[in-house]
Amino acid sequence: MSDNYKDTLNLPKTAFPMRANLGKREPSRVEHWEKIGLYQKLQDKNAGKPAFILHDGPPFTNGELHLGHALNKTLKEIVLRYKASQGFRTPYLPGWDCHGLPIEHKVTKELQAEGKDLPTAELRDKCDAFSEHWIDIQRSQFKRLGVLADWENEYKTKKPAYEAEILRTLASFVDQDLVYRSKKPVYWSIPCATALAEAEIEYKEHTSPSIWVAFDIPSKEQFGIEKPLSVVIWTTTPWTIPANLAVAVHPRLTYAFLEAGDAVHLVAKDLAEQFASDLGLEDWKIVKEIKGEELENVESRHPFIDRASPIVLADYVTTESGTGCVHTAPGHGQEDYMTGLKYGLDIYCPVNDEGKYDDDGQVPDFLVGESVLEEKGWVPANGKVLKALAESGALLKKVNYKHSYPHCWRSKTPVIFRAVDQWFVAIDKEGKRASALESIKDVKWIPDWGEKRITANVEARPDWCISRQRSWGVPIPAFYDDEGEAYMDAGVIKAIADKVATAGTNLWYTSTAEELLEGIELPESWQGKTLKAGTDTLDVWIDSGTSHFAVLKDNDDLAWPCDLYLEGSDQHRGWFQSSLWTGVIRAGQAPYKSILTHGFLVNEDGSKLSKSDGAMTLMHYMDKFGSDVVRLWIASTDFRNDVGISDNILSGVGNAYRLFRNTLRFQISNLFDFDYEKHALPIDELHELDRWAVHKVGELAAATEKAYDNYEFHKVFQLCNQFASVTLSSLYHDILKDRLYTLAPDHSLRRSSQTAFYHIFKTFVRILGPIMPFTADEAWSYFTAGEDFTEDALVLQDWPSEAKEWQDENLANDFIELFAFRDKVNEKLETLRSAGEIGRSLDAYVSIAGNPDAEDFQRLQRYEHALEELFIISRIELTDQSASELSVAATKATGGRCPRCWRWEPQLSNGTENTELCSRCAEALKNA
RNA sequence: GGUCCCAUAGCUCAGCUGGUUAGAGCAUCGUGUUGAUAACGCGAGGGUCGUUGGUUCGAGUCCAACUGGGACCA
């Protein structure tokens with residue numbers, strides 16, 4: 001029966017699917033965007049406007065994208081889409097970091113498996129192809145994520161023009177006389193045969209043999225000691241003993257002469273007890289004490305090499321472990337090196353590139369050729385050294401010791417510290433460090449602690465070791481004569497850069513030195529020398545640190561310095577810093593105006609994610625949840641801290657996604673017969689409820705704009721979420737169904753609501769756009785064109801600034817009170833409902849009694865005409881009741897239920913037609 | 001070990017310059033509707049604000065230490 005009337009209702013209609021099926025449907029939207037040239041359209045739209053330049057940090061091109069990449073790129077995307085909607089010109093050139101050890105390592109391994117050993121130039125070709133392969137994959141995955149960018153003009157650190165720029169950066173360093181060559185202890189990976197940057201090292205638990213070694217002090221009489229005297233050192237790297245040149249003590253510590261049995265040992269007094277217990281000494285006593293500084297230059301003897309090992313003073317000696325007497329090998333440790341320089345000791349390193357002892361005339365025969373590399377938990381050199389120490393009686397004790405030790409990130413083997421010739425950039429020369437620190441202050445750091453962090457990093461960093469003994473990178477343009485003397489010149493480098501700009505750096509590996517230098521004017525000191533080209537490559541941090549020159553500078557479309565760098569907080573030590581140094585040295589200032597950082601991905605419980613987890617790949621999540629859900633997840637979190645990820649979290653985001661989608665869908669579907677030009681009412685003529693709803697979306701627009709401006713996307717998310725679930729779904733939409741469905745299509749109230757829907761949709765969808773561009777664009781297409789795709793894409797629409805004008809605080813305050821009162825009504829209705837008296841709220845009548853002098857009751861009276869609708873009930877009754885508190889009562893409705901609108905009336909229509917209907921429905925149908 | 005960051009309901013977040021019984025959305029449970037229907041409404045439960053001290057008349061909010069987690073560095 002009532003089904004007939006259903007057909008007379010204006011029920012919502014839309015082709016916009018309820019089910020998103022994102023994993024499947026998003027790719028076709030990517031295709032559509034490409035087809036219509038959306039990126040270019042966006043640039044054209046804002047052409048000539050002020051620019052907002054975000055400079056893209058290049059991901060390393062050696063594998064599948066994972067969620068961390070998505071986090072970073074999505075944040076950039078959100079920023080740019082938002083800025084574009086604000087009318088900024090937002091050219092976006094994505095980039096790729098192509099050179100580097102991890103790629104070379106992988107490629108070399110593949111070649112090894114095939115039994116091939118290629119010449120450098122061919123190896124580099126393979127590396128090139130390898131990175132290109134991953135660039136293609138990564139690019140398509142970024143596109144799949146929805147990244148709208150200038151993929152035609154992406155930058156790559158391996159492109160010839162870019163490589164030339166890297167060399168020019170180096171040339172500017174050389175020009176300012178900052179580059180020097182020096183023997184210096186560096187981390188050295190034996191399997192990779194290369195020095196490692198700090199960034200290439202990871203610390204892991206490691207078990208080393210810790211040993212106590214006695215260094216005999218012949219001149220014991222000067223201390224009044226008769227029994228044999230020795231100073232005792234403690235070390236966890238026995239293989240460095242052959243390189244020992246000194247024993248360091250702290251000048252202000254007190255040292256004890258500890259007599260036990262037939263020997264006297266010199267150790268720090270505070271550690272004497274520990275020492276005795278470590279060695280299991282039972283009968284011991286301190287026979288004398290002495291200040292560390294009095295021990296300076298006392299001679300001790302190397303335990304098995306005929307060589308003096310003087311006692312030296314050093315502030316870094318502590319009493320936290322060991323004996324307070326520190327084994328010092330200047331060629332094998334940073335601090336030892338400093339001490340060596342101070343005392344004029346040789347920077348002695350008898351270990352060669354392969355990690356084996358050299359035959360240098362000092363290393364005993366039994367050690368020559370022994371390896372210091374640990375293989376299967378065994379270090380051959382340690383064994384031999386321990387044996388020699390034991391034979392000489394110097395080894396007091398050996399016990400296995402577990403500690404955190406640096407490992408090569410690639411080969412996973414323990415690294416060694418070893419002095420080799422390297423190229424360095426002098427950080428403190430010409431006040432460069434001071435300039436860098438000064439430049440930091442000109443940058444806006446978000447969050448603000450970033451400034452503290454990079455300042456600490458810049459203050460603490462040692463000179464920049466820029467050479468690597470690798471092939472896949474930009475060659476260091478240095479030449480060597482027959483004596484091994486190095487030649488480097490800024491003019492020559494610039495000239496070579498010009499050649500590289502067209503030929504690429506492979507030139508270095510396919511040409512002789514003469515060919516390389518052909519046509520280049522050589523400095524005087526180079527004349528007449530037979531020169532060979534060097535084989536080192538540059539630290540890849542110079543590669544990426546040069547991007548702002550290679551990409552931004554001299555590009556009229558872009559800007560230098562740029563507005564924003566946006567990367568993970570680890571880049572305070574990495575890219576932010578390398579870019580800062582190159583910027584400051586070569587151009588006198590930081591290349592960025594602001595830095596925004598995000599945290600790291602962690603599990604739901606806050607623990608670290610394992611990077612090797614295959615399920616972390618971006619495509620896994622694209623297929624399972626779709627890009628918009630992933631993006632919404634990113635937007636929902638406060639990314640300045642660590643970002644949690646789990647199925648639980650994502651399914652929560654999935655709920656929010658469905659809420660947004662259905663909200664948009666509900667609005668579109670109720671606008672099916674609405675033509676803005678024909679039916680819209682002016683904002684100030686809208687019915688008060690609609691006026692209120694329009695106010696609310698204006699409020700939302702203002703709040704989200706502020707949040708976007710502050711890069712607080714999680715606030716955008718929270719605001720939108722509450723807007724959709726409370727303001728719309730629970731209140732406005734629910735209340736409006738009656739009007740939209742049951743009134744005559746052209747009824748002014750219905751058109752009023754549709755006008756509001758229209759504005760709310762247009763505003764809300766644009767607010768959501770940067771965060772969930774696929775769904776927003778899809779909804780936009782259905783809204784504007786009634787179909788899945790449109791050329792006039794959502795991202796081309798400007799920010800809904802007009803919405804701010806719609807706010808009406810007085811009206812809003814009334815509604816806050818009315819809706820608060822609505823909660824009280826709902827409680828009463830719920831009581832009726834659980835008593836089984838009513839089902840939907842329309843089945844109830846509500847009566848309210850209150851004091852006509854009270855403000856809240858007056859407000860209800862003022863809005864009496866709207867209350868039935870607001871509370872979604874069939875009848876409201878206000879009763880004056882002086883001197884009493886406001887009271888609410890709900891009863892089951894009486895009379896008849898209109899089969900069309902389901903509202904109850906005491907008496908249904910007794911008109912001539914449709915006699916079983918309520919008067920309003922009868923009226924609605926009359927005009928149909 | 002050092003520097004820095006974080007810690008509020010199962011989840012994601014609010015809680016401004018310290019001030020009555022700590023909020024929201026989601027999730028959960030109960031329930032209604034079947035004219036947004038793999039959707040929507042209504043109601044309810046759920047937090048000793050990481051711990052311990054301190055400052056204060058009063059602290060989630062300030063200070064210190066500790067615990068846990070994270071980043072970077074040694």
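Just so we're clear, the structure is a prediction, and the values are computed from it rather than from any experiment. Order of the sequence lines sets the chain letters (A, B, ...), proteins ahead of strands, with each chain counted from 1.
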By side chain to side chain donor-acceptor pair (under 3.5 Å), Q718(A) pairs with (sequence neighbours left out) none
RNA chain B in dot-bracket form (Watson-Crick or G-U pairs under 3.5 Å, [ ] crossing, | inter-strand) is (((((((..((((.....[...)))).(((((.......))))).....(((((..]....)))))))))))).
Those residues at least two apart in sequence (or on a different chain) that pass ring-ring contact (aromatic ring centres under 6.0 Å, His included) with F815(A) are W692(A), F819(A), Y863(A)
Handout entry: K828(A) and D823(A) ion-paired at < 4.0 Å
Key = no
So salt bridge (Lys or Arg N to Asp or Glu O under 4.0 Å) across residues 651-661 of chain A, not counting sequence neighbours, yields R661(A)-E778(A)
In Y565(A), W581(A), W541(A), the residue satisfying ring pair (Phe, Tyr, Trp, His ring centres under 6.0 Å) with W575(A) is Y565(A)
Expected list for residues 704-720 of chain A near RNA chain B, using heavy atoms below 4.0 Å, is H714(A), Q718(A)
The single option from L664(A), V765(A), L768(A), I668(A) that satisfies side-chain contact (heavy atoms from CB on, under 4.5 Å) with W780(A) is V765(A)
Considering only heavy side-chain atoms of R573(A), the closest of C72(B), C5(B), G35(B) is C72(B)
Side chain to side chain donor-acceptor pair (under 3.5 Å) filter on H327(A), not counting sequence neighbours, yields T240(A), N244(A)
Can you check the distance between G53(B) and C13(B), where both ends of the measurement are the C1' atom (answer in whole Å)? 30 Å
Which of A36(B), G70(B), C13(B) is nearest the side chain of D642(A)? It is G70(B)
* **Pairwise C1' distance for C40(B) and G35(B), with rounding to whole Å** => 11 Å
>> Tell me whether the side-chain N/O atoms of S569(A) come closer than 4.0 Å to OP1 or OP2 in C72(B).
In response: no
*Is K184(A) positioned over the aromatic face of F424(A), cation under 6.0 angstrom from the ring centre and no more than 45 degrees off axis?*
yes
Practice item. Check whether the side chain of T663(A) and the base of A36(B) form a donor-acceptor pair under 3.5 Å. Key: no
- Message: Any side-chain N or O of Y5(A) below 4.0 angstrom from OP1/OP2 of G35(B)?
- Response: no
Quick note, side-chain hydrogen bond (donor to acceptor under 3.5 Å, both in side chains) partners involving residues 9-24 of chain A, not counting sequence neighbours, are none
Within residues 445-455 of chain A, the residues having a heavy atom closer than 4.0 Å to RNA chain B are W449(A), K452(A), R453(A)
Sequence neighbours excluded, the answer for side chain to side chain donor-acceptor pair (under 3.5 Å) partners of S651(A) is none
Across all chains, not counting sequence neighbours, the ring-ring contact (aromatic ring centres under 6.0 Å, His included) partners of Y741(A) are none
Contacts of K737(A) meeting side chain to side chain donor-acceptor pair (under 3.5 Å) (sequence neighbours excluded), chain-then-number -> D734(A)
Nucleotide N/O to protein N/O under 3.5 Å, stretch nucleotides 28-32 of chain B:
unit_1 : atom_1 : unit_2  : atom_2 : d
G30(B) : N2     : E830(A) : OE2    : 3.4
G32(B) : O2'    : G839(A) : O      : 3.1

* Quick one: do E869(A) and R739(A) satisfy salt bridge (charged side-chain N to carboxylate O under 4.0 Å, His left out)? Show the steps, please. => CA-CA 9 Å; E869(A) 188 173 42; R739(A) 258 194 220 178; 2.6 Å; yes
